[in-house]
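Residue numbering restarts at 1 for every chain, and letters A, B, ... go by the order of the sequence lines.
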Protein chains: 2
Amino acid sequence: MITIKDIAERANVSRTTVSRVLNESGYVSEDARKRVMKVIEETGYVPSEHAKSLRTKKTKVVGVILPKISTETAARVVNGIDDVLAKEGYQILLANTNLRTKKELEYLKLLQSRQVDGIILMATNLSKEILMQIKELKVPFVALGQDIPDQSSVFYDDYRAAQEMTELFIKEGHDRIAFIGVDESDRAVGYLRKRGFLDTLEKHGISIEETYIETAEFSSEAGYEAMERILETSEERPTGVFAVTDRLAIGAMKCLKEKGIVLPQDMKLAGVGASELSKYVTPALTTIDFQYEEAGAEAAKLIMNKVIHNQKTVKKFKLNYGIIRKDSL
Amino acid sequence: MITIKDIAERANVSRTTVSRVLNESGYVSEDARKRVMKVIEETGYVPSEHAKSLRTKKTKVVGVILPKISTETAARVVNGIDDVLAKEGYQILLANTNLRTKKELEYLKLLQSRQVDGIILMATNLSKEILMQIKELKVPFVALGQDIPDQSSVFYDDYRAAQEMTELFIKEGHDRIAFIGVDESDRAVGYLRKRGFLDTLEKHGISIEETYIETAEFSSEAGYEAMERILETSEERPTGVFAVTDRLAIGAMKCLKEKGIVLPQDMKLAGVGASELSKYVTPALTTIDFQYEEAGAEAAKLIMNKVIHNQKTVKKFKLNYGIIRKDSL
DNA sequence: CTGTTAGCGCCTTCAA
DNA sequence: TTGAAGGCGCTAACAG
């Protein structure tokens, strides 16, 4: 491996001088600079970031922990993060937990040992353990998707969004509205969206039919099955279905179609996420746009502020959302 | 920052001993080991990977260069890569070029300077420059999606897949088949798929109508517009459309629907990629499944073989594909 | 403007 | 079974 020392020798200067031209710091004569540059060109020398990091304690790398890389949401968020980081010359070190919560802990440690300059956690379930770990973190940290107490967080207004969507159903004259949610250990998606839904029904004096409320995993298949259960167990068929993600909604839609229930005539349907899918299914899906790229970008900006400008204060960023009204509701 | 030295002092041993228990190498008395472990626990010490890398020249990080993170294809490939790497304790350092070819060069350099143990490049356009850079790379390298001469590559059988799909159109009695492709500088998607299509037509003695052949960017909007152009410029309307990606096909489908052309009665349509989208549009899209996760996994396995077992030979891996027959063709 | 020197935190001989 | 010493490649005082 070719090092700064080799360059120095070949260019007849000291390592310091080489370092200076490399980092454009301090005075270097045009002459020396040229010689150094020439040797660098010739040799194809690339300075070692590790050695550099060891001295400077900076890596220009941000760790991103996420529950699953191959979902549209995650991909869009990462995209938003990368946009901002790349501009500052930072890179992403991926840590994919594949939905295994235990991995979150591991990665939190691993990323520290890799001396990442900051960590963004796309949080799902927030166990006590995780919260503890985060608190003890020495690295700048930003939570994404959940509001973590005492930590800078970028999150969606899950509660109000769900509320507003539910209002829409009611305004359209529905009072038999089914709900397909996810486990409440996911506070944002599971708990808050459900609360928004239930509270709104209550507010309007609509009684809650238990058979209308189903819980599923994060997949369209699960959405399909949840829809099936709702149809089977309900005495009176609901006239609308609110699913907490587009995938679930799409699964439900498939089920409805197969049962010969025509959308949007016989049944209204809405999801959350403004996924690509939602635009292209028939009928197009009414959904909530949480602007995932922007979420990623905001989280990245927060991290950059901490990393570059050493900003210490805890910032909360609640993102806007918009209801995208399409044919399904 | 707490270092191995601190641990050594607190545990009343030398740094060497601490290092030994950390790496489970060499002899350490149970007694010493316990003391060290205890101090590590108490202090929450995490060894610096940088310092380690500096000595060992290993980072347990693989750089992945890709053209765009927020596409389903990329996400699925990355997922496949991560699956394999994670098992070996390796992580992904992301390098997203956002379709800017120049960035590929930059990142190739950057990743080297970060001493990644290997590089996987999801290649698109293969300029001379890139090829040169790759040749001079000192790090294990695998190309994904394109077959790069003299380099280990995992790629799809684009030509034959396009051929087979075209055969399917012909077998179904079509001889007025339109084609929506992408720029040929993308050898796999742009050039090979087009050649597969054209050669097959020729083989069957079907003359090629110039107005049936369109080129677009990688987006559904572009697919829409390409479809529009085909309909406008063609004297006789085609009876089938083959688009080289599902996105393009979906865009075309939207256009057709808006013009009141009914699928699949009035027009057949096929795409490539077996995207989520393809399953849920109506009619469901006939498409080619290239198994992107597997592609990523294979690439990762190749890299791991090189990195861990120091395997030097150039390996080529042409992936299987399957035609997924749905309602659109 | 340039070079000398001293580490950053870790692993790895080598010797005890 | 343990420790001392040296060095990985780089930057940052400090002197010239």
Run the salt-bridge test on B:Asp147 and B:Lys316 with the 4.0 Å N-O cut-off and return the result as yes or no.
yes
At under 4.0 Å, does any side-chain N or O of A:Tyr27 touch on OP1 or OP2 of C:dG3?
no
Quick one: is C:dC11 close enough that its OP1 or OP2 comes under 4.0 Å of any side-chain N or O from B:Ser19?
yes
Between the side-chain atoms of B:Arg55 and the base atoms of C:dC11, is any donor-acceptor pair under 3.5 Å?
yes
Whole Å only: how far is the CG atom of A:Leu54 from the C1' atom of C:dC8?
4 Å
Comparing B:Val13 and A:Met1 on DNA chain D - which has the more 5′ nearest nucleotide:
B:Val13
If you go through the side-chain atoms of B:Thr16, does one of them form a donor-acceptor pair with the base of D:dA4 closer than 3.5 Å?
yes
Starting at atom NE2 of A:His50, determine the distance to atom C1' of C:dC11, rounded to an integer number of angstrom.
15 Å
So does B:Ser53 get a side-chain nitrogen or oxygen closer than 4.0 Å to the phosphate oxygens (OP1/OP2) of D:dC8?
no
Is the shortest side-chain N/O distance from A:Ser29 to OP1 or OP2 of C:dT2 below 4.0 Å?
yes
Write down the distance between NZ (B:Lys52) and C1' (C:dC8), rounded to a whole number of angstrom.
16 Å
B:Val78 and B:Met122, any side-chain heavy atoms less than 4.5 Å apart
no
Check whether A:Asp117 reaches the backbone of A:Val62 with its side chain - one donor and one acceptor, N or O, closer than 3.5 Å.
no
Find the distance B:Lys5:NZ to D:dA5:P and express it as a whole number of Å.
14 Å
Going by the angle between their ring planes, with limits at 30° and 60°, are B:His50 and A:His50 parallel, tilted or perpendicular?
tilted
Rounded distance (Å) that lies between atom P of C:dG9 and atom OH of B:Tyr45:
10 Å
Would you kindly give the CD1-to-P distance between B:Ile4 and C:dG9, to the nearest whole Å?
11 Å
Start at the 5' end of DNA chain C and walk down; is the nucleotide closest to B:Leu22 or to A:Lys57 reached first?
A:Lys57
A:Gln115 side chain reached by A:Ser53 side chain, heavy atoms, under 4.5 Å
no
Tell me which nucleotide among C:dC14, C:dG3, C:dG9 gets nearest to the side chain of A:Arg20.
C:dG3
Phosphate-side-chain proximity, B:Ser14 and D:dA4, N/O vs OP1/OP2 below 4.0 Å:
no
In whole angstrom, give the distance that lies between atom CD of A:Glu49 and atom P of D:dC10.
10 Å
Round to a whole Å and report the spacing from CG of A:Asn23 to C1' of D:dC10.
9 Å
